Novice: 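I have a structure here, written as structure tokens, and I will follow up with some questions on it.
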There are 2 protein chains.
Amino acid sequence: MIVSVKTLVLLKRLSKYIKNYVNKKRTTIKDIANSLNISAAAVSKAMHDDPRISAKTKEAVKRVAKELNYQPNHLASALRKGKSNLVGVIVPKTNSNFFSSVVQNMEEVLNKSGYNIIITQSNESFKKECDSIDTLLYTQVDGIIASMANETIDLSHYEKIKSKGIPLILFDRGENDLNVDYVGIDDYNSSHIIINHLVSKGCKRIAHIGGFRRTRIFNNRMRGYIDALKKHQLPLDESLIIESNLTIKDGRTKTHALLELDPIPDAIYVAGDYAALGALQVIQEKGLKIPNDIKLVGFGNEPFTSLVHPTITSIDQNSQEIGKLAAETFLSRIENPTVKQTLNKIIFDAKLIVRESSE
Amino acid sequence: MIVSVKTLVLLKRLSKYIKNYVNKKRTTIKDIANSLNISAAAVSKAMHDDPRISAKTKEAVKRVAKELNYQPNHLASALRKGKSNLVGVIVPKTNSNFFSSVVQNMEEVLNKSGYNIIITQSNESFKKECDSIDTLLYTQVDGIIASMANETIDLSHYEKIKSKGIPLILFDRGENDLNVDYVGIDDYNSSHIIINHLVSKGCKRIAHIGGFRRTRIFNNRMRGYIDALKKHQLPLDESLIIESNLTIKDGRTKTHALLELDPIPDAIYVAGDYAALGALQVIQEKGLKIPNDIKLVGFGNEPFTSLVHPTITSIDQNSQEIGKLAAETFLSRIENPTVKQTLNKIIFDAKLIVRESSE
DNA sequence: ATTAATTGGTTAAACGTTTAAGCAGTTCTT
DNA sequence: AAGAACTGCTTAAACGTTTAACCAATTAAT
């Protein structure tokens with residue numbers, strides 16, 4: 001079949017026309033402008049309650065907008081304004097009560113100031129975290145609030161955020177070297193609170209299943225544990241200190257090891273609730289009684305700590321406050337863009353929730 | 001102080017210049033073009049490996065892009081292309097293992113096809129759900145995958161998604177009336193599986209704490225329960241059927257009521273794991289033994305069901321498959337935009353995980 | 001009665017990309 | 001040798017908003 005070039009061009013035009021017709025192109029500001037015989041600029045201004053537009057016109061614009069089911073195009077306005085009003089949030093896992101609660105509170109604060117959030121999860125993976133950051137930067141977020149993955153050591157992708165000139169706020173899992181805002185609890189002091197409590201209950205041989213020391217917060221908990229023992233003039237026994245990835249499974253394994261010792265510890269302070277749960281199971285399987293034979297303290301105040309038997313003493317991390325403050329910190333950075341980012345730590349005191357496992 | 005209009009204009013120009021300089025404006029395609037003395041169009045094509053650009057130019061473009069730390073602007077490309085490559089995901093809660101796992105699997109599938117996801121949580125609130133939908137539409141997502149909030153009865157905001165012509169996929173909590181794709185498990189049949197199991201263990205007086213019947217999935221579980229009893233020629237006792245919001249607390253309350261009956265039931269089938277946990281607590285507090293005095297079955301296979309004592313028999317909802325299939329359904333809708341959306345149900349069989357509470 | 005200020009808009013450019021169309025220059029056909 | 005086809009770009013318009021600059025008409029100030 002031979003078809004002239006002209007025919008081809010016409011066919012293309014036609015197909016475009018049909019496409020537009022079928023997809024019944026979204027209504028834009030121009031459609032409103034046309035139907036009211038005013039300029040698109042006037043419509044835009046009317047929508048934003050510009051004082052230079054008459055009340056009558058504003059009303060008409062809003063009426064027609066509703067009639068035509070107009071929805072503003074974020075891409076266009078964000079592109080033009082150079083501001084997306086989107087905040088990226090990176091968490092290691094969403095299915096933890098702590099992170100879920102932090103995010104919820106952040107969202108509440110940010111929504112009030114006209115920001116929406118995009119949640120991404122790193123699944124504790126360094127690669128996924130890098131990808132998340134790329135996605136967020138690509139989406140042109142106005143800032144990023146993040147809690148670092150366990151695996152993360154190399155910080156170059158976080159530097160990338162800083163180099164873009166948008167605010168970066170870290171919470172819970174932070175890193176001093178980045179020199180950015182940080183919101184979290186006082187991990188060092190939390191360990192002191194826990195040890196004080198256990199000592200007051202008569203414990204003398206307290207074990208610690210901690211997270212990896214390369215992660216700052218876990219290192220701080222470890223330091224707090226060691227210093228608190230010193231304060232109470234208890235001997236420091238290296239075999240009572242174990243690093244763990246703090247999953248249930250690893251909590252079980254490490255507790256098994258601790259119960260092989262002779263004498264066994266009279267208390268275990270676990271730096272994460274899930275691992276504490278694993279410890280609880282193993283202790284009971286061995287026929288030992290909690291808290292009589294051995295006391296147990298977790299960290300994080302996950303809901304299940306008050307649901308298992310016995311209920312587990314734990315540290316509440318004040319997730320509401322952390323979420324709110326991280327969001328507010330972001331907002332203040334946005335409002336003062338000239339102020340250079342510096343290491344600005346906002347530290348909360350944590351609360352010890354005493355339950356059956358250490359009574 | 002008197003300042004001429006001209007001076008004012010000059011000042012404004014200056015301030016804009018300074019602003020650009022201070023914010024060291026992000027590098028764009030034009031910067032690359034200038035530095036190579038080619039057109040911006042050529043750069044764009046080189047980036048996308050257009051066959052009409054020479055290998056030499058492509059290489060040069062990519063090199064300079066890296067040198068200048070170029071990051072494409074999603075807003076601009078999405079605006080131009082009319083496609084954001086973003087998928088909105090709405091879940092009732094992120095801190096549930098089921099939803100978290102579904103989302104994770106969705107993300108995996110979608111990322112492979114070049115899509116990124118934006119997660120929003122409705123917190124089971126109707127209003128928040130509407131807001132989420134508005135945000136997502138405003139962000140120009142290419143589609144929405146959602147699980148409905150408990151509160152939701154009015155479906156007009158979901159109709160709004162449909163009217164935009166972008167794909168809407170529902171999972172777990174769906175609604176026939178919307179006439180869109182749905183991915184979930186066979187709730188009706190799940191009840192049959194549970195009742196079959198309990199009957200085989202000798203139960204004759206099986207109670208059911210279900211969700212609100214206005215939610216389709218809970219209604220289906222209820223129907224399945226009733227029909228399964230009939231099948232086994234067990235009497236239907238209305239006092240054994242209770243509707244609940246399925247929180248731990250309500251699980252406790254409703255179980256208290258059931259244990260007031262005479263005779264008490266010999267099994268309780270609870271339509272949600274959290275409520276089942278509440279039931280477990282109350283039963284034990286009353287001094288009754290599980291499974292000897294009374295058997296217990298939950299729904300959802302939340303991790304804690306295998307962590308409490310006794311471990312709780314539950315239904316696994318196949319979250320991985322649901323996530324993957326919801327994503328794939330979205331992709332196939334995108335690839336065949338002309339096909340009209342219809343009620344297209346993809347139903348999985350659920351798996352019963354038998355544990356101590358019903359042995 | 002001028003000039004100045006206010007009102008209620010309009011025009012046009014810009015944000016950063018993509019893409020249809022065009023166009024030299026070279027190479028291949030026949 | 002003349003046209004066809006290919007190569008490797010360039011030009012310019014478009015996506016939907018926002019906004020600086022401008023302007024005509026009205027009202028206020030002196």
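Fair warning: this is a prediction, and the values are worked out from it, not measured in the lab. Numbered from 1 within each chain, the chains take letters A, B, ... in sequence-line order.
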Novice: Hey, mind stepping through A:Asn123 and A:Ser125 against side chain to side chain donor-acceptor pair (under 3.5 Å) and telling me if it holds?
Specialist: CA-CA 5 Å; A:Asn123 294 326; A:Ser125 141; over 6 Å; no

Novice: Identify whether any heavy atom of A:Ser44 sits under 4.0 Å from a base atom; if not, whether one sits that close to sugar-phosphate; answer base, sugar-phosphate or nothing.
Specialist: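 Contact class for A:Ser44: base.
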
Novice: If you look only at distance, which donor and acceptor atoms sit under 3.5 Å apart when one is on a side chain in residues 60-71 of chain B and the other is two or more places apart or in another chain?
Specialist:
| unit_1 | atom_1 | unit_2 | atom_2 | d |
| --- | --- | --- | --- | --- |
| B:Lys62 | NZ | B:Asp49 | OD1 | 3.1 |
| B:Arg63 | NH1 | B:Glu67 | OE2 | 3.3 |

Novice: The criterion is salt bridge (charged side-chain N to carboxylate O under 4.0 Å, His left out); which residues satisfy it with A:Lys127, sequence neighbours excluded?
Specialist: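 Partners of A:Lys127 by the salt bridge (charged side-chain N to carboxylate O under 4.0 Å, His left out) criterion, ordered by chain and then number, come out as A:Asp131.
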
Novice: Under the salt bridge (charged side-chain N to carboxylate O under 4.0 Å, His left out) rule, collect the residues that match up with B:Lys162, sequence neighbours excluded.
Specialist: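 Salt bridge (charged side-chain N to carboxylate O under 4.0 Å, His left out) list for B:Lys162, sorted by chain: empty.
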
Novice: Listed by chain and number, what are the salt bridge (charged side-chain N to carboxylate O under 4.0 Å, His left out) partners of A:Lys81, not counting sequence neighbours?
Specialist: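 Testing A:Lys81 for salt bridge (charged side-chain N to carboxylate O under 4.0 Å, His left out), a comparison that skips the adjacent residues, returns none.
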
Novice: Between protein and nucleic acid, restricted to nucleotides 7-12 of chain D and to nitrogen or oxygen atoms under 3.5 Å apart, what atom pairs and distances do you find?
Specialist:
| unit_1 | atom_1 | unit_2 | atom_2 | d |
| --- | --- | --- | --- | --- |
| D:dG8 | N7 | B:Arg52 | NE | 3.1 |
| D:dG8 | N7 | B:Arg52 | NH2 | 3.2 |
| D:dG8 | O6 | B:Arg52 | NH2 | 2.6 |
| D:dC9 | OP1 | B:Thr57 | OG1 | 3.3 |
| D:dC9 | OP2 | B:Ser54 | N | 3.0 |
| D:dC9 | OP2 | B:Ser54 | OG | 2.5 |
| D:dC9 | OP2 | B:Thr57 | OG1 | 2.7 |
| D:dT10 | OP1 | B:Ser39 | N | 3.3 |
| D:dT10 | OP2 | B:Ser39 | N | 2.8 |
| D:dT10 | OP2 | B:Ser39 | OG | 2.6 |
| D:dT10 | O4 | B:Lys45 | NZ | 2.6 |

Novice: Rounding to a whole Å, what distance do you find between A:Arg26:CZ and D:dT17:P?
Specialist: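 Checked: the CZ to P distance equals 8 Å.
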
Novice: State, to 0.1 Å, how close B:Ile169 and B:Ala326 come at their nearest heavy-atom pair, and which atoms those are.
Specialist: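 It is CG2-O, 4.1 Å.
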
Novice: Output yes when at least one side-chain N/O atom of B:Tyr138 is less than 4.0 Å from OP1 or OP2 of D:dT17, else no.
Specialist: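 For D:dT17, neither OP1 nor OP2 has a side-chain N or O of B:Tyr138 closer than 4.0 Å.
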
Novice: Mind jotting down which residue pairs meet the ring-ring contact (aromatic ring centres under 6.0 Å, His included) criterion with at least one end in residues 115-147 of chain A? Sequence neighbours excluded, please.
Specialist: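 Residue pairs passing ring-ring contact (aromatic ring centres under 6.0 Å, His included), neighbours aside: A:Tyr115-A:Phe330, A:Phe126-A:His157, A:Tyr138-B:His74.
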
Novice: What integer distance in Å separates A:Gln71:CD from D:dG16:P?
Specialist: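 Checked: the CD to P distance equals 14 Å.
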
Novice: Suppose we screen for side chain to side chain contact (heavy atoms under 4.5 Å, CB included). Which residues come up paired with B:Glu59, at least two apart in sequence or across chains?
Specialist: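 In terms of side chain to side chain contact (heavy atoms under 4.5 Å, CB included), with neighbours along the sequence ignored, B:Glu59 is linked to no residue.
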
Novice: How many whole angstroms separate atom CG of A:Leu36 from atom P of C:dG8?
Specialist: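 Going from A:Leu36 (CG) to C:dG8 (P), I get 16 Å.
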
Novice: Could you check how far CG of B:Asn73 sits from C1' of C:dT18, rounded to whole Å?
Specialist: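 Answer to the nearest Å: 13 Å.
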
Novice: Would you kindly give the NZ-to-C1' distance between B:Lys30 and C:dG16, to the nearest whole Å?
Specialist: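 My rounded result for the distance is 7 Å.
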
Novice: Using the side-chain contact (heavy atoms from CB on, under 4.5 Å) definition, which of the options A:Leu170, A:Ile145, A:Val183 pairs with A:Thr329?
Specialist: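 Per the side-chain contact (heavy atoms from CB on, under 4.5 Å) rule, the option paired with A:Thr329 is A:Val183, out of A:Leu170, A:Ile145, A:Val183.
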
Novice: Contacts to DNA chain D from residues 74-85 of chain A, heavy-atom cutoff under 4.0 Å, which residues?
Specialist: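 A:Ala76, A:Ser77, A:Arg80, A:Lys81, in order of number.
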
Novice: Using the rule given for side chain to side chain contact (heavy atoms under 4.5 Å, CB included), can you reason through B:Asp172 versus B:Phe99, listing the C-alpha separation, both sets of side-chain angles and the distance that settles it, and then say yes or no?
Specialist: CA-CA 9 Å; B:Asp172 192 46; B:Phe99 286 120; 3.9 Å; yes

Novice: Using a cut-off of under 3.5 Å, enumerate the N/O to N/O pairs linking the protein to nucleotides 24-26 of chain C.
Specialist:
none

Novice: Going by the salt bridge (Lys or Arg N to Asp or Glu O under 4.0 Å) test, name the single residue among B:Glu124, B:Glu151, B:Glu129 that passes it with B:Arg173.
Specialist: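 Among the candidates, only B:Glu124 passes.
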
Novice: Got a list of side-chain donor-acceptor pairs under 3.5 Å for residues 105-112 of chain B, not counting sequence neighbours?
Specialist:
| unit_1 | atom_1 | unit_2 | atom_2 | d |
| --- | --- | --- | --- | --- |
| B:Asn105 | ND2 | B:Ser101 | O | 2.8 |
| B:Glu107 | OE2 | A:Lys128 | NZ | 3.1 |
| B:Asn111 | OD1 | B:Asn116 | ND2 | 3.4 |
| B:Asn111 | ND2 | B:Glu107 | O | 3.4 |

Novice: For B:Asp50 and C:dA21, give me the distance from atom CG to atom P, rounded to whole Å.
Specialist: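 Taking atom P of C:dA21 as the reference, CG of B:Asp50 is at 15 Å.
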
Novice: Applying side chain to side chain donor-acceptor pair (under 3.5 Å), can you list everything that pairs with A:Thr139, at least two apart in sequence or on another chain?
Specialist: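 With sequence neighbours excluded, A:Thr139 shows a side chain to side chain donor-acceptor pair (under 3.5 Å) to no residue whatsoever.
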
Novice: If an axis is fit to five pairs at each end of the helix from C:dA1-D:dT30 to C:dT30-D:dA1, what is the angle between the two, to the nearest 10°?
Specialist: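 The helix from C:dA1-D:dT30 to C:dT30-D:dA1 shows an end-to-end axis angle of 40°.
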
